[in-house]
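Worksheet for the structure shown next.
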Amino acid sequence: MSAATLTPATLPADARVTWWRVVRAEWIKFRSLRSSLIMLAAVVLVFAGLGLGFSAFLAGTTVDPGAPAPPGGPSSLDPLGASLGGVNLAQLLIGTVGVLLTAGEYPTGMIRSSLAAVPSRWPVLAGKVTVLAGVSLALLVPTVLLTFLGGQAVLGDRGISLADDGVLRAVLGTAGYLAGVGVLGLALGALLRTTAGALTSVVALLLVLPGLSSLLPDSWSDAVSPYLPSNAGQAFTSISANPDLLSPGAGLAVFLGWLVVLIGAAAVLLRRRDA
């Protein structure tokens, strides 16, 4: 059979582009990049180290829960917030991992090889999302859970239990939030195609815009602030009632909405633009 008559239907079975082959190819690329592995290790070490450190700080103080935390830590010193306080820095690290998976392929030209092998294009992006989300959840769920348990062990009688109302949801939600931030960074990298621009956008969305929204008039801030990605994430990763945040269910829906919109926009532009 000549090359001119080859179609996806007539290709040999071992030569067809399938979903799992695209995912496998993205997994091989992911684990072959030393920078990805180093950054993921940094996410684990930073999250666990800060969580245990803030828990030890709280255990050694006589302040009431809810008192101001040290700079760079959780917004308040409570048993849950202390043990999960590493999320503030860990989100920037895992967002960087996502950015590098997409934006990092454009300067090297690797993205052109991937798109040439998968002409329909969108499976490449979907494969990257699958690999990053899967690896992140597999790594972060035990990391967050063990950090929480370690932090409560450090706190002793001042600690809380996974069985307490909303705690398990907040712990698992934190792992899901961090994995989602990685996907958010991946989408921004695919949209902007520059590492610097995508990283700046991650920082702006997660840290800068929430701060700026607090400077707006109350009516504007109340309409905007709860729907920003980090504030929506905080709604389902905390157990303290906060009138400025959405409910846990609504916060999760808004956060997932951000991911769907950004990934959808990246998929559309990936098909329309030249690599």
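These numbers come from a predicted model, not from an experiment. Position 1 is the first residue of the sequence, and the numbers go up from there.
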* Asked: In Å, rounded to the nearest 0.5 Å, how long is the span from CZ of Phe47 to CG of Leu89?
  -> 11.5 Å
Contacts under 3.5 angstrom, residues 174-183 side chains, donor-acceptor by atom type, not counting sequence neighbours:
residue: Thr174; atom: OG1; partner: Ala170; partner atom: O; Å: 2.8
residue: Tyr177; atom: OH; partner: Gln91; partner atom: OE1; Å: 2.6

* To do: Might you work through the side-chain contact (heavy atoms from CB on, under 4.5 Å) test for Thr194 and Tyr106, ending with a clear yes or no?
  => CA-CA 8 Å; Thr194 65; Tyr106 282 91; over 6 Å; no
* To do: Without swapping roles, check the side chain of Arg193 against the backbone of Ala103 for a donor-acceptor pair under 3.5 Å.
  => no
* Val260-Val129 co-clustered via ILVMFWY side chain contacts under 4.5 Å -> no
* Can you list every pair that meets salt bridge (charged side-chain N to carboxylate O under 4.0 Å, His left out) and has a residue in residues 131-150, with sequence neighbours left out? -> none
* Of Ile94, Ile263, Leu259, which is the lone residue that meets side-chain contact (heavy atoms from CB on, under 4.5 Å) with Leu184? -> Leu259
* Asked: For the residue pair Leu269 and Leu191, what are the closest heavy atoms and their distance?
  -> CD1-CD2, 3.5 Å
* How about Glu26 and Thr130: does a side-chain donor come under 3.5 Å of a side-chain acceptor? -> no
* Asked: Taking only residues two or more places apart in sequence or in another chain, which ones pass side chain to side chain contact (heavy atoms under 4.5 Å, CB included) with Leu146?
  -> none
* To do: Show your working on side-chain contact (heavy atoms from CB on, under 4.5 Å) between Val254 and Leu228 and close with a plain yes or no.
  => CA-CA 8 Å; Val254 169; Leu228 296 175; over 6 Å; no
* **Pair Lys128 + Glu105: basic N to acidic O under 4.0 Å** => yes
* Please assess Leu188 against Leu205 for the test side-chain contact (heavy atoms from CB on, under 4.5 Å), listing each intermediate value before the final yes or no. => CA-CA 11 Å; Leu188 289 172; Leu205 273 177; 4.1 Å; yes
* Under 3.5 Å: donor-acceptor pair, side chain of Ser55, backbone of Val154 -> no
* Asked: Mind checking whether Ile239 and Asp165 have side chains closer than 4.5 Å, heavy atoms only?
  -> no
* Structure fact -> Apart from Trp220 itself, its cluster of hydrophobic side chains linked below 4.5 Å comprises Leu216
* Asked: Quick one: does Ser83's side chain have a donor or acceptor within less than 3.5 Å of a partner on Gly151's backbone?
  -> no
* To do: Enter the distance from Leu192:CG to Ser201:OG here, rounded to the nearest 0.5 Å.
  => 4.5 Å
* Find the distance between CG (Asp78) and CZ (Arg158) and round it off to the nearest 0.5 Å. => 11.0 Å
* Asked: Do you know the tightest heavy-atom contact between Ala190 and Leu125?
  -> CB-CD1, 4.1 Å
* Asked: How far does CG of Leu33 sit from CD1 of Ile38, to the nearest 0.5 angstrom?
  -> 10.5 Å
* Excluding sequence neighbours, so at least two apart, what forms side chain to side chain contact (heavy atoms under 4.5 Å, CB included) with Ser161? -> Ala163, Asp164
* Heavy atoms only: give me the nearest Leu246-Pro226 pair and the separation to one decimal. => CD1-O, 3.6 Å
* May I ask you to decide if Asp222's main-chain N or O and Ser225's side chain share a donor-acceptor pair within less than 3.5 Å? => no
* Asked: Once you round to the nearest 0.5 Å, how far does CG of Leu172 lie from CG of Leu168?
  -> 4.5 Å
* Polar side-chain atom of Arg272 near backbone of Ala267 as donor-acceptor pair, under 3.5 Å -> no
* Gap separating the CG atom of Asp157 from the CD atom of Gln152, nearest 0.5 angstrom -> 12.0 Å
* To do: Please indicate whether Arg24 has more than 12 foreign heavy atoms, meaning atoms of other residues, nucleotides or ligands, lying under 6.0 Å from its CZ.
  => no
* Start with the C-alpha distance between Val202 and Leu207, add both sets of side-chain angles, then the distance that settles side-chain contact (heavy atoms from CB on, under 4.5 Å), and finish with yes or no. => CA-CA 8 Å; Val202 169; Leu207 299 180; over 6 Å; no
* To do: Only pairs at least two apart or in different chains count here, so list each side-chain hydrogen bond (donor to acceptor under 3.5 Å, both in side chains) that has a residue in residues 247-266.
  => none
